[in-house]
Chemist: 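Submitted below is the structure of interest, expressed as structure tokens.
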Amino acid sequence: MDNQILKVNGLTMDFGGIRALNSLDLDVNRGEIVALIGPNGAGKTTFFNCITGIYAPTEGEVYLASPGSDTKVSLKGLKPNQVTEKGLARTFQNIRLFAKMTVLENVMIGRHCRTKATVLGAVFRNRTTRDEEQSILETSYDILEKVGLEQYVNEFANNLPYGAQRRLEVARALATEPLLLLLDEPAAGMNPQETIELEKLIKEISSEGQSILLIEHDMTLVMSLSDRIFVMDYGKKIAEGTPVEIRENPAVIKAYLGEDVDA
Amino acid sequence: MDYFIELLFSGLTRGSIYALIALGYTMVYGIIGLINFAHGEIYMIGAFTAFIVATVLSIYGFPLLAIIVIAGVAAAVWSSAYGYTIEKIAYKPLRHAPRLSPLISAIGMSIFLQNYVLLAQTSDFLPFPELIPDFEFMEPVAHIVGSSDLVILITTTVVMLILTYIIKFTRVGKAMRATAQDRTMAMLVGINVNQIISATFIIGSALAAIGGLLIASHIGQINFYIGFIAGIKAFTAAVLGGIGSIPGAVLGSLVLGLTESFATGYVSSDYEDVFAFSLLVLILIFKPSGLLGKAETKKV
């Protein structure tokens, strides 16, 4: 059986004359944690924006496994909400929570695309609507417990400490039941203690079989979490492999540290 | 004292009608940042729909209560259809255009709808059937509070409670608030934003239609122009309360209604609008974001 969950072929994105992504190939297998690293401006976030439907890529194909079938679905031309429905969920580099909603509501919003109650159903409170509301609540509580935010349920999202806001973003993404979870610099701005907790959380989510693709600058975190690593520079993939292989790859060292002048 | 209470109630009645319309303005502004100038026309179309349905039904001798309910539902449905269509035709294609374009499109829509009803229904004031009878139990206070005032106050309160419930607790309401706060993020958590925007227009239009029915039966006559005045007043109320804020729209409407009512009662009915708009100017000078609105901060 095909083990791939995400398959990206020759993804290219042009902004006017600038080629932000240059024929990028990438794949993620079921249950893996894959990291995407590269210097600032390498195009990592652009890559996330392309596969989640925020940008329409100039060229290339993105395929996502579909549950219960062996064929993959193309994500080309889908809107962000449709991509989420197919099973990609993401967090942001700079936190984008719904600040004026409670922690619980932020997670419940993630359930939106997996439920279907209408306004009329809500006003007349028929059976399906009530059952659905109950199940949304239960799932949301479970997820908040999993990420360790249960003591904050009724706080407003913007009143949370920084690390907790990051974890709430993860919780909201998990609430959409993603096949693949995309994390955009989850440890950015965290103190060492928060980073350790985050690492534990990601490992825990992963141990439940969740496939994860993450962008991250914290190399300790990347090396300890990832099964495989992709390295980008100037919109191109310059290396891929296990953490050990990447650490010793000359092209990667060059991209990060520059060339030795004397050599 | 009786006079004061009479003015108080007439102000509250007026205010709650304004609120029904102002809510549509504020909800649409909250979600797509557009002043929907065609909203007053939605209200006018609601009143006309109710007028036509009620007149036909009363010819066939339906009981009064049935007429009110059927006319109300028909007006709400028909106005919602208009609201939905207007958004699809006039605003959706301009979603990514500069802010001025949909605004102009809205004004065009408003003028179009006025003239379209003018052609269909002439410019005469049409007598609206009296749908709300004088209740017997209201007789002792009838010189102060009319039966229709009472009905309007109760109806609007119930409608607003339902709306609050929808916005606060339902799946669609949460999606609306999420879309209002961050549209891209809302899409990324799987919300079909177009559907939510449509839902906002539909709900806002239904509220305006109910307002149209109530005021038409209160005042007793309608013509194609009532939407313009009511729209401007409700817009004023929404700005007064802080546009984008739902409780703000209700508060602003009540303040505006009471101001007008007391100004009419104690000064002169000629100065009704003068007081209403002076109030607006004053609020905008001293608290530009409105009574309950939050000052917009822009991150640079």
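Letters A, B, ... mirror the listed sequences (proteins, then strands); counts begin at 1. On a predicted model such as this, the values are computed, not experimentally measured, just so you know.
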Chemist: Does atom OH (Y165(B)) have a neighbourhood of more than 12 heavy atoms from anything else shown, all under 6.0 Å?
Modeler: yes

Chemist: Is it the side chain or the backbone of I166(B) that comes within 4.5 Å of chain A heavy atoms, both, or neither?
Modeler: side chain

Chemist: Give, for atom CG of N192(B) and atom OG1 of T84(A), the distance between the pair rounded to the nearest 0.5 Å.
Modeler: 11.0 Å

Chemist: A quick test of your reading: do over 12 heavy atoms of other residues, nucleotides or ligands sit less than 6.0 Å from CD1 of I18(A)?
Modeler: no

Chemist: Considering only NZ, NE, NH1 and NH2 on the basic side and carboxylate oxygens on the acidic side, decide whether E133(A) and R171(B) come within less than 4.0 Å.
Modeler: no

Chemist: Restricting to non-hydrogen atoms, name the atom on C113(A) and the atom on G190(B) that form the minimum distance, rounded to 0.1 Å.
Modeler: CB-O, 3.2 Å

Chemist: Please indicate whether K168(B) has more than 12 foreign heavy atoms, meaning atoms of other residues, nucleotides or ligands, lying under 6.0 Å from its NZ.
Modeler: no

Chemist: side-chain contact (heavy atoms from CB on, under 4.5 Å) for V189(B) and H112(A)? Distances and angles first, verdict last.
Modeler: CA-CA 8 Å; V189(B) 292; H112(A) 187 93; 6.0 Å; no

Chemist: As an exercise, state the distance from CZ of R177(B) to CD1 of I109(A), rounded to the nearest 0.5 Å.
Modeler: 7.5 Å

Chemist: For M185(B) and R96(A), work out which heavy atoms get closest and say how close.
Modeler: CG-O, 3.3 Å

Chemist: Find the one option among R114(A), E85(A), E132(A), K100(A) whose heavy-atom pairs under 4.5 Å with chain B are most numerous.
Modeler: K100(A)

Chemist: Could you walk me through whether M187(B) and K79(A) pass the side-chain contact (heavy atoms from CB on, under 4.5 Å) test, one step at a time?
Modeler: CA-CA 8 Å; M187(B) 288 176 97; K79(A) 294 199 198 111; 4.2 Å; yes

Chemist: Quick check for you: to the nearest 0.5 Å, what is the distance between F92(A) atom CZ and D182(B) atom CG?
Modeler: 7.5 Å

Chemist: Apply the test side-chain contact (heavy atoms from CB on, under 4.5 Å) to residues L188(B) and I54(A): give CA-CA distance (whole Å), side-chain angles for both, the deciding distance (0.1 Å), then the verdict.
Modeler: CA-CA 9 Å; L188(B) 279 167; I54(A) 296 185; 3.5 Å; yes

Chemist: Counting only non-hydrogen atoms closer than 4.5 Å, does T115(A) touch chain B with its backbone (N, CA, C, O), its side chain (CB onward), both, or neither?
Modeler: both

Chemist: Yes or no on side-chain contact (heavy atoms from CB on, under 4.5 Å) for I191(B) and N81(A), after CA distance, side-chain angles and deciding distance?
Modeler: CA-CA 5 Å; I191(B) 294 169; N81(A) 58 306; 5.6 Å; no

